[in-house]
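Read through the structure below, which is laid out as structure tokens, and then see the notes.
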Amino acid sequence: MKVTPEVIARLSGGIVDGPAAREITGFAKIEEAGEGDISFIANPKYAHFASSSKASALLVSSDFEAPEGTTATLIRVENPYSALARLMAAFEQPDTKTGVEQPSFISESASLGSGAYVGAFAYIGENAKIGENVKIYPHAYVGDGVEIGDNCKIYPHATIYAGCRIGNNCIIHAGAVIGADGFGFAPDGDTYRKIPQLGIVVLEDDVEVGANTTIDRATMGETRVAAGTKLDNLIQVAHNVRIGRNNVIAAQTGIAGSTVIGDSNRIGGQTGFAGHIKFGSRCEVGAQTGVNRGLGDGKRIIGYPAMDASLFARIFVLLKKLPSLFKEVDDLRKKINN
């Protein structure tokens, strides 16, 4: 990577503000950046870093006001964080591996699209259909009848159970399990009888599944994750859950069976969803929220049970005052008794 701010501006749709002939050779955090690095400021509260940073260039918003002492060339864009993502993708080194490494197992009835890569010790079962330019890394497991679209990446030790369907441009990270049995057991006297889980998991296009995340197959029908949704590491998605489009869900979230989640939600880590509820779209959910009932669209919630974020903040302020308030009430009680 050796480019000038002008090149970066063209790639990111920005405008150069400052010296345009500098050489940019890499990316760095703003606190650690040095000569030749480009960094970014997406949140105005970090604007003060611009004056102390040694970065050669900074991606900033169009209305960014540079503090005194700023020496970096500013590249003004509409959305610095999004522009950074596009810029980094432009310079990312592509994985050019193709072909089949040995030892690996590919069923004679399976089909591989052109440009596919299968790493050593990977397994591809009967009648599996693998699209073009798919990368299946070593020790990955693709079960019988699985369908994987084009341009997907299946990282080491990822497991896709029989019959599941993966769309185009999906990424499944190491250790993820797609299509394990849902947690279904019927009480039978003092024991529990296993309910066969006969459904599948469907991941639509552009879904990313984090490391060691598990998405259970449906009891009947489908567990479905719609296009564009991104799941972090260590998430549990139970049987027959339906997650809408373009959600981002942070680590250690658990979603109980048959819950339906709408589109474009931002869900913080360790959030828990009760089963059989319908959750809205365009909501913001704080970390460790317990969602125990259905909610509409456009909510900002946190806490357990989930409540409006502004109400939670007011309660938290009062909570910190409880010890002094209790003492005051106790003193008043003593005065009254006397």
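Quick caveat: nothing in here was measured; it's all calculated off a predicted structure.
No salt bridge links Lys335 with Asp331; every basic N to acidic carboxylate O contact stays at or beyond 4.0 Å. Ion pairing between a basic and an acidic side chain is recognised when a charged N comes within 4.0 Å of a carboxylate O; Glu35 and Lys54 show no such pairing. A salt bridge does not link Lys327 to Asp330: none of the charged side-chain nitrogens sits closer than 4.0 Å to a carboxylate oxygen. Comment: Asp297 engages Arg282 in a salt bridge, judged by a side-chain N to carboxylate O separation of less than 4.0 angstrom.
Residues in residues 69-94 take part in these ring-ring contact (aromatic ring centres under 6.0 Å, His included) pairs, two or more places apart or across chains: Phe40-Tyr81. Among pairs with a residue in residues 146-163, none fulfils salt bridge (Lys or Arg N to Asp or Glu O under 4.0 Å), at least two apart in sequence or across chains. Applying the salt bridge (Lys or Arg N to Asp or Glu O under 4.0 Å) test to pairs two or more places apart or on separate chains, those with a residue in residues 254-272 are Arg266-Glu284.
At distances below 3.5 Å, not a single donor-acceptor pair connects side-chain atoms of Thr70 with backbone N or O atoms of Ala72. A donor-acceptor pair under 3.5 Å links the side-chain atoms of Arg22 to the main chain of Ser56, judged by distance alone. Listed for the Asn240 side chain is a donor-acceptor partner under 3.5 Å among the backbone atoms of Met220. A side-chain donor-acceptor contact under 3.5 Å links Ser51 to the backbone of His48. Of the possible polar contacts, none joining the Asp232 side chain to the Gly269 backbone as a donor-acceptor pair under 3.5 Å is found. Proximity of a side-chain donor or acceptor of Glu204 to a complementary backbone N or O of Ala227 within less than 3.5 Å is detected. Side chain of Arg224 to backbone of Arg242: no donor-acceptor contact under 3.5 angstrom is found. Under the 3.5 Å distance criterion, the side-chain polar atoms of Ser62 are matched with a main-chain donor or acceptor of Val77. Within the 3.5 Å criterion, the main-chain N or O of Ile30 finds a donor-acceptor partner in the side chain of Ser53. Under the 3.5 Å distance criterion, the side-chain polar atoms of Thr259 are matched with a main-chain donor or acceptor of His276.
Hydrophobic clustering (side-chain heavy atoms under 4.5 Å, transitive across Ile, Leu, Val, Met, Phe, Trp, Tyr) keeps Ile8 apart from Val60. Tyr141 and Tyr137 fall into different hydrophobic clusters, where Ile, Leu, Val, Met, Phe, Trp and Tyr residues are linked whenever their side-chain heavy atoms come under 4.5 Å apart, directly or through other members. Cluster annotation: Ile130 is connected to Val100 through the hydrophobic network of ILVMFWY side chains, with a link wherever side-chain heavy atoms come within less than 4.5 Å. One hydrophobic cluster, built from ILVMFWY side chains closer than 4.5 Å, cannot hold both Val237 and Val260; they sit in different ones.
Annotation: side-chain hydrogen bond (donor to acceptor under 3.5 Å, both in side chains) contacts of Ser324 (sequence neighbours excluded): none. By the side-chain hydrogen bond (donor to acceptor under 3.5 Å, both in side chains) test, Asp181 pairs with Lys194, sequence neighbours left out. For His173, the ring pair (Phe, Tyr, Trp, His ring centres under 6.0 Å) criterion is met by Tyr155, not counting sequence neighbours.
Screening Asp308, Leu311, Leu295, Thr271 against Ile301 for a side-chain contact (heavy atoms from CB on, under 4.5 Å) leaves a single residue, Leu295. Under the side-chain contact (heavy atoms from CB on, under 4.5 Å) rule, Ile136 has a single partner from Ile106, Ile172, Ile154, which is Ile154.
The 12-atom threshold is not exceeded at NZ of Lys299, counting heavy atoms of other residues, nucleotides or ligands nearer than 6.0 Å. Atom CD1 of Ile15 has 12 or fewer heavy atoms from other residues, nucleotides or ligands within 6.0 Å. Counting non-hydrogen atoms of neighbouring residues, nucleotides and ligands closer than 6.0 angstrom, the CZ atom of Arg300 reaches no more than 12 such neighbours.
In this structure, OG in Ser281 is found 5.5 Å from CG in Asn265, a value given to the nearest 0.5 Å.
The closest side-chain heavy-atom distance from Tyr304 to Gln288 is not below 4.5 Å. Within the 4.5 Å cutoff, the side chain of Ser104 has no heavy atoms near those of the Tyr123 side chain.
Classified by interplanar angle (parallel below 30°, tilted 30° to 60°, perpendicular above 60°), the ring pair Phe316/Phe312 is parallel.
For Phe121 and Phe105, the gap between ring centers reaches or exceeds 6.0 Å.
When all heavy atoms are compared, the tightest approach of Asp188 to Arg193 is OD2-NH2, 2.7 Å.
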